[in-house]
Number of protein chains: 2
Amino acid sequence: MKLSDLKTVDQLIEERREKDAEFREIWDSTAFARQVAIIVVRYRTERGLSQRELARLTGLQQPAIARLENGETEPRLQTLAKLTAATGLSFHLDVVRGGVELVPA
Amino acid sequence: MKLSDLKTVDQLIEERREKDAEFREIWDSTAFARQVAIIVVRYRTERGLSQRELARLTGLQQPAIARLENGETEPRLQTLAKLTAATGLSFHLDVVRGGVELVPA
DNA sequence: GCGTCCGATAACGCACGCGTTATCATCTAA
DNA sequence: TTAGATGATAACGCGTGCGTTATCGGACGC
């Protein structure tokens with residue numbers, strides 16, 4: 001087997017998403033949490049902050065930051081607001097057709 | 001006292017908001033809930049729906065609709081999503097500087 | 001080795017939005 | 001006046017995100 005034959009993680013996910021209805025439902029419903037995760041991780045790592053430091057800045061706790069960055073939980077609006085208060089981050093959300101989408105920039 | 005000397009509700013609120021720091025904090029932090037309330041009430045009344053009918057459409061309950069329309073609670077993203085699923089409503093949110101703002105249209 | 005910091009994670013409780021049910025005063029129509 | 005529908009609200013429980021504390025393995029420097 002050639003290395004180029006290996007499937008990417010995204011390909012594997014997409015394949016299962018198409019085959020498994022239950023998986024698709026769960027995956028899609030947590031899309032927003034994963035998008036938030038990416039933003040938080042990027043912000044923190046670009047500034048060389050630890051989770052504990054970001055927690056102190058935002059008034060959150062280190063385990064809460066970890067859960068957000070792992071996309072484990074759907075954050076509350078209040079939590080997103082805390083993130084933006086001390087960081088300069090901002091989140092633009094479109095709630096439409098039963099879903100929550102994060103609008104880039 | 002002339003009728004024109006009567007202060008509007010908005011004027012009374014603004015005056016207290018400037019004088020009372022605690023009141024201002026609570027009032028501003030619930031601004032988003034009140035904005036959502038206006039949208040829900042308008043949507044429902046324009047179509048001549050009862051709270052129970054809107055509840056059935058959205059999968060929520062009549063008391064939940066009432067609480068939303070009275071601005072008593074800060075709705076969850078999941079709840080806003082339910083509202084948009086069956087109604088065609090949409091919510092555009094800006095989470096910035098520690099607050100949640102509802103973007104018109 | 002040893003101490004330190006890291007992120008991940010478990011356990012427990014709390015806060016709060018919503019489900020569920022029931023009730024209330026008010027209004028309108030028959 | 002009576003019957004039905006409306007919105008408001010109380011009571012109780014549940015789900016879940018976060019606070020809080022503690023702990024874990026792993027990486028790094030001394």
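By convention in this document, chain letters (A, B, ...) are assigned in the order of the sequence lines, proteins followed by strands, and residues within each chain are numbered from 1.
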*asked:* Run B:Ile65 and B:Gln61 through side chain to side chain contact (heavy atoms under 4.5 Å, CB included) and show every step you take.
replied: CA-CA 6 Å; B:Ile65 300 291; B:Gln61 299 284 128; over 6 Å; no
*Dump the intermediate steps for side chain to side chain contact (heavy atoms under 4.5 Å, CB included) on A:Trp27 and A:Arg34, then the final yes or no.*
CA-CA 10 Å; A:Trp27 184 254; A:Arg34 290 194 303 276; 3.1 Å; yes
*Mind jotting down which residue pairs meet the side chain to side chain donor-acceptor pair (under 3.5 Å) criterion with at least one end in residues 74-89 of chain A? Sequence neighbours excluded, please.*
none
*CZ on A:Arg67 to CG on A:Leu60, rounded to 0.5 Å*: 10.0 Å
Whole-Å distance between [N] [atom2] and [X] [atom1]?
| X | N | atom1 | atom2 | value |
| --- | --- | --- | --- | --- |
| B:Leu83 | C:dC18 | CG | C1' | 12 Å |
| B:Ile26 | C:dC16 | CD1 | P | 12 Å |
| B:Gln51 | D:dT9 | CD | P | 11 Å |
| A:Ile65 | C:dA8 | CD1 | P | 11 Å |
| B:Leu54 | D:dG7 | CG | C1' | 13 Å |

*In sequence, state the C-alpha distance, the side-chain angles, and the governing distance for A:Val100 and B:Leu80, and then conclude on side chain to side chain contact (heavy atoms under 4.5 Å, CB included).*
CA-CA 9 Å; A:Val100 182; B:Leu80 294 180; over 6 Å; no
*Taking the side chain as every heavy atom from C-beta outward, state whether A:Phe91 and A:Leu83 have any atom pair closer than 4.5 Å.*
yes
*Between A:Glu53 and A:Ala66, name the one whose nearest nucleotide on DNA chain C is closer to the 5' end.*
A:Glu53
*asked:* Determine whether B:Phe23 and B:Arg17 satisfy the following criterion, side chain to side chain contact (heavy atoms under 4.5 Å, CB included), listing intermediate values before the conclusion.
replied: CA-CA 6 Å; B:Phe23 175 82; B:Arg17 211 188 74 88; 4.1 Å; yes
_Check B:Glu53 with B:Arg47, please: is the shortest side-chain N to carboxylate O separation under 4.0 Å?_
no
*Pull out every residue in residues 29-49 of chain A that has a heavy atom closer than 4.0 Å to any atom of DNA chain D, ordered by number, or say none.*
none
_With a cut-off of less than 4.0 Å, is there a side-chain N or O of B:Asn70 near OP1 or OP2 of D:dG7?_
no
*Report, as a single string ordered 5' to 3', how protein heavy atoms within less than 4.0 Å touch nucleotides 13-30 of chain D: B base, S sugar-phosphate only, - not at all.*
--B-BBBBB---------
